Every structure is written in C-alpha cells, then in structure tokens.
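Below, each value reflects all heavy atoms present in this structure, side chains not excepted, and no hydrogens, waters or symmetry copies. Predicted model only: the values in this text are computed from it and were never measured. First the proteins, then the strands, lettered A, B, ... as listed; each starts at 1.
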2 protein chains.
Amino acid sequence: MAVRGAVPEVIWARPERTGRGPKPAYTRDDVAAAAVRIADAQGLDAVSMRHVAAELGCGTMSLYNYVPRKEDLYELMVDAVSAEHELWEPGGDWRADLRRVAHQTRALMRRHPWVPRLMSPVYGFSPHALRYLEHCLACLDPLDAPYGTKLELIAMLNGMVTTYVRNELDTAERVRALPWSEAEENEVRMAYLGSRIGTGAYPRMAAAFTEDAGPIDLEAVFERAVARVVDAFAPR
Amino acid sequence: MAVRGAVPEVIWARPERTGRGPKPAYTRDDVAAAAVRIADAQGLDAVSMRHVAAELGCGTMSLYNYVPRKEDLYELMVDAVSAEHELWEPGGDWRADLRRVAHQTRALMRRHPWVPRLMSPVYGFSPHALRYLEHCLACLDPLDAPYGTKLELIAMLNGMVTTYVRNELDTAERVRALPWSEAEENEVRMAYLGSRIGTGAYPRMAAAFTEDAGPIDLEAVFERAVARVVDAFAPR
DNA sequence: CCTAGTTACGTACACCGTACGCAGTGCGGT
DNA sequence: ACCGCACTGCGTACGGTGTACGTAACTAGG
C-alpha cells in the first residue's frame, strides 16, 4: 500500500490503469468530459465532486479512483478543452499566424467561459498544452530570434488573450450567482461612477468619458491589442 | 425594512452609518484591515467570514452589518491595498513614469500575493482605484493620443503586470495547501516534461530547452515585457 | 417618551472536499 | 487451479464554508 497522499505526482505521469483488480467503469476522458459539461452549462462553481459524480453516474468517492485531488480535475478539464485547438500548417507569415492563434484561443475561451479562471502556468505541461505550444513555436519558425524570445512572445500573447477574455466574461460567470442581473449591476455601478466623477476630483477621467460616449467595440479593441503585442516583437 | 438582498448595490455607494441605532463597534476600514492581515499571513483561502470576525473580535454574523456579501469583502480588501500606491508628480517622460507605475504595482502585489487572484475589472470603481487610474492618466499627459488609446494602454499594462506577478506567485500561494513542497512538485513536473520531450514529438521545445539551460532571470524578463508594452504605444 | 430601525450574534441549513473503512472483483505468482 | 492482494466502487463522517433567520439590546427621530 503506497502512501499516495504524501508524494508529489503529476496526473499525466500516473498511468490510467494498473492492470490489477476490476476494470474501471469510466475512462479519465469520461470524467473530464462530465466536468466540462457541467462547467459549460452551470458555471465553474457548479463543478463539485458530487455533481461531477452524479453527472457521470457513480458515487462521489469513486471519482477519487480517477483523480487524486480536485485540483487535478481542473487540470484534466483544461487539457480536455485544449484538444479543441486547431493546429494548421503555418503559412510563413508568423504575424498572421499568431493573430490567428489569438483569435482561435479567444473563440475557445468564449465557448468555455470558465477557462480563463483556471489558466495557470502549471497547467502548461498537459499533453494538449504541449501540442499547442509546439504549434505556436512552429508558427514562429520564420522569425529570426532565440527561443527564449519566442517563448516570451507566446507567454505575453496568451496572457493578454486570457486577461482580455476574462475581463469580458467572468462578470457574466459571476452574475450567475447574483440575485440581480448584470445590466442592473452595471447601471448602479455607472451611476456611482458618474457621481464620483461629478465631484471634479478626476478631471482626466471626466474628459475621457465625455470624449468617448459611444459604446466601445470589443472586437476592435481586441484586434488592436493583439496586433500591438505581435508587432512589439517584430524587428524594426 | 428594506429587502436588502434583492436590489443591486455598490458597496461604495452604501453609507457606512445611517444614524439610527447603536454605534457600530468597528469601521469599514477595520474590517478590510483584518481581512488583509489574514490574507497576508495565511493566504487568501484563509479569509473566511469566521476567521475575519475572530481576527476582528466579534461574532461571525456581525460582519454582515458591514458587508452584505463576501464578494464585497474582497472588494474592500483590494481597495485597502490600493491605497498603498504612491502617487508622484509626473516628470514629463511618460514612458519612464509608466515603467515606474508597473514596478510599483508589481512590488505591491509581491507584498500582497493574493491581489492578482482578486483583480477584476469590476473592482476598478473603488475610490483608491479611481485615484490610481487618474494618476496613470496624468502620467500620460505628454502622450498625444485620444483618451481611448490611453485607457487601452493602461489596461494592457496593468493586465500584463497582474498576469506576470500572478504566474510568479500563485504557485507559491497554491503550494501552501499542498502536502509536499514546491521544489518537489517542480522536480516531478520537470521530470515528466523531460520524458515527454524525450519522445521527439516536440522538436522545437526540445531545441528551446537545450538552447537555454541556465536559470531564467525573472527580473529581466519582467523589465523587457514592460518595455515592450510601453513601446508598443509610442509613436514611430 | 415611545417606537422604529440598527447592531450584535447564536443557531441552523445546505453544501463543500475528502479521510476512512468495507465489500466485491479479477489478475499475477505459485 | 488457486490464493492473495491490489484495485474499484461507494457509504459514512468530519470539519469546514457562506449565509438566512430570529432574537435581544440599544439609540436617535418624531
């Protein structure tokens, strides 16, 4: 009997089956898919061990045969949706390819609004994350720069996309738990903001708000941000 | 009796006292300070209503006289540490001023490692956050650009700093709850990564790892990232 | 002065992650 | 062929969480 709880382990290094005893009723992918299904439908906070087990159709504690801790379940979830990344043959224009990567990542996160909240550097080791990273590096083959710089570019782009989509969506995820609507909350916040600005203590913010009264085009803002990050690494 | 739970409200718009009834034993700042003290000392996960109440020296449910939901307690915490931002008179070189802002924000987050996890666009309305934003805009006075662009720059810089420090620190925050050390976990993860790379399926990652075997200088990486974001908005 | 609104807070509920123990199952070694 | 044991499945239980609700004490406004 191995003392499982006290030794560090990576979920991906642990074999899915060891050969002895009865065959497991589900695969690791089944578990991940059930958790993803719940997160997509009811939000990340609804992903509890009990709910996932119920969705899967087994007892709660049976989950711990597949996943040592809930943290690892999160890791499985991120890897599962990372499989949705479409990996194409890079076309030679690394800036265009990287912009395409950014847009695809954004689309993925909009399909699964809980992903930004789970993004962590430690999840970068999962199988599908490695494939994704290798693909990004392949896109950067035409760029004449050391790998260190390329990795910094990829990290910066991914971080920017994650932050951006997170700001765009986690309020929507958050509002699910609130007893009032997002529109109502925004209205109250804007009213408060207006009252603060009206005091005259923030002249530049006041100017900023009178300058641009129209609704902001999120799509265009994202487009510009991506281009700026990519161009920041282009040789002059 | 107002039905408090069903109407949206901003914590900052709610008056701290209404005049009727016994005087509150603590101020809102006392509550925030107690929560910050716990988060600094024991991590964000230790910030429970019971712990904060105990730290403050009152009953658990008394907290709800000061804060309608735990979410608002988080908002108070972020605002409380936002007061630590040093606001100087901008010197005319907006790029230098912005770099200084970035470094100061990073230092603040390193003092309070739980801040990146709580960063959310909705917290941008707190009093000290408004002061901070106005200061950033003041730094950007010499830059000839519409306020929309300036706000995009500030958002991008803040997001990058937050992401960066988060990646740097939340593993440390996370490891507090794990039954093994961060070094042990890193060793296991690196071993697994090596075994995956050894399969030859990721030639570029393999090349990247053989290229740069030395330890990475986090300070220099951060410096470069800040400079890149700032320079991306400089007129050519 | 009275009363309505507020503070303080104990109790209770539903839910969480997961340690533990037990029954059943089927492969590996003899 | 047959143990034995490692494994799966899972019920129970523990200590934690946020917070709804009810009650007692208190004080300012009419």
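- At a threshold of 4.0 Å, the pair A:Arg117-A:Asp45 counts as salt-bridged, since one of the basic side-chain nitrogens sits closer than that to a carboxylate oxygen.
- Atom CE in A:Met61 sits about 13 Å away from atom P in C:dG21, given to the nearest Å.
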**OP:** Please report the C-alpha distance between B:Leu151 and B:Leu137 in whole Å, then the side-chain angles of each, then the deciding distance to 0.1 Å, and finally whether the side chain to side chain contact (heavy atoms under 4.5 Å, CB included) criterion is met.
**Re:** CA-CA 8 Å; B:Leu151 290 174; B:Leu137 283 175; 4.2 Å; yes
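- By the 4.5 Å heavy-atom criterion applied to side chains, B:Ile38 and B:Trp114 are not counted as neighbours.
- In this structure, B:Tyr26 atom OH and C:dA8 atom P are separated by 8 Å, rounded to whole Å.
- Put simply, CZ on B:Arg69 is 12 Å from C1' on D:dG18, counting in whole angstrom units.
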List every contact pair, protein side and nucleotides 25-30 of chain D side both N or O, where the distance is under 3.5 Å.
none

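- For A:His128, there are no ring-ring contact (aromatic ring centres under 6.0 Å, His included) partners at least two apart in sequence or on another chain.
- Rounded to an integer number of Å, the gap from A:Leu56 CG to D:dT8 C1' is 14 Å.
- In the helix from C:dC1-D:dG30 to C:dT30-D:dA1, the rotation axis of the first five pairs and that of the last five pairs differ in direction by 10°, rounded to 10 degrees.
- With salt bridges taken as basic N to acidic carboxylate O contacts below 4.0 Å, none links B:Glu75 and B:Arg14.
- Put simply, A:Tyr66 has a side-chain N or O that comes within less than 4.0 Å of OP1 or OP2 on D:dG9.
- Contact check for A:Glu168 versus A:Arg110: side-chain heavy atoms found under the 4.5 Å cut-off.
- The stretch residues 39-53 of chain A touches DNA chain C through A:Val47, A:Ser48, A:Met49, A:Arg50, A:His51, each having a heavy atom under 4.0 angstrom from the strand.
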Original post:
How far apart are the C-alpha atoms of A:His112 and A:Glu84, what are their side-chain angles, what is the distance that settles it, and do they pass the side chain to side chain donor-acceptor pair (under 3.5 Å) test?
Top reply: CA-CA 11 Å; A:His112 308 287; A:Glu84 297 179 15; 2.8 Å; yes
**OP:** Verify side chain to side chain contact (heavy atoms under 4.5 Å, CB included) between B:Cys136 and B:Val101, making sure each step is shown before the conclusion.
**Re:** CA-CA 8 Å; B:Cys136 290; B:Val101 166; 4.1 Å; yes
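- Considering only residues two or more places apart in sequence or on other chains, B:Tyr74 meets the ring-ring contact (aromatic ring centres under 6.0 Å, His included) condition with none of them.
- In terms of the ring-ring contact (aromatic ring centres under 6.0 Å, His included) criterion, residue partners of B:Tyr164 (sequence neighbours excluded) are, by chain and number, B:Phe222.
- Considering A:Thr60, A:Val67, A:Leu63 as possible partners of A:Val52, the one that fulfils the side-chain contact (heavy atoms from CB on, under 4.5 Å) test is A:Leu63.
- Atom OH in A:Tyr64 sits roughly 17 Å away from atom P in C:dG21 (whole-Å rounding).
- When rounded to the nearest whole Å, the span between CG of A:Asp72 and P of C:dG17 equals 14 Å.
- For the pair A:Asn65 CG and D:dG11 C1', the interatomic distance rounds to 14 Å; values are reported in whole Å.
- Between B:Ser62 and C:dT7, a side-chain N or O to OP1/OP2 separation shorter than 4.0 Å is absent.
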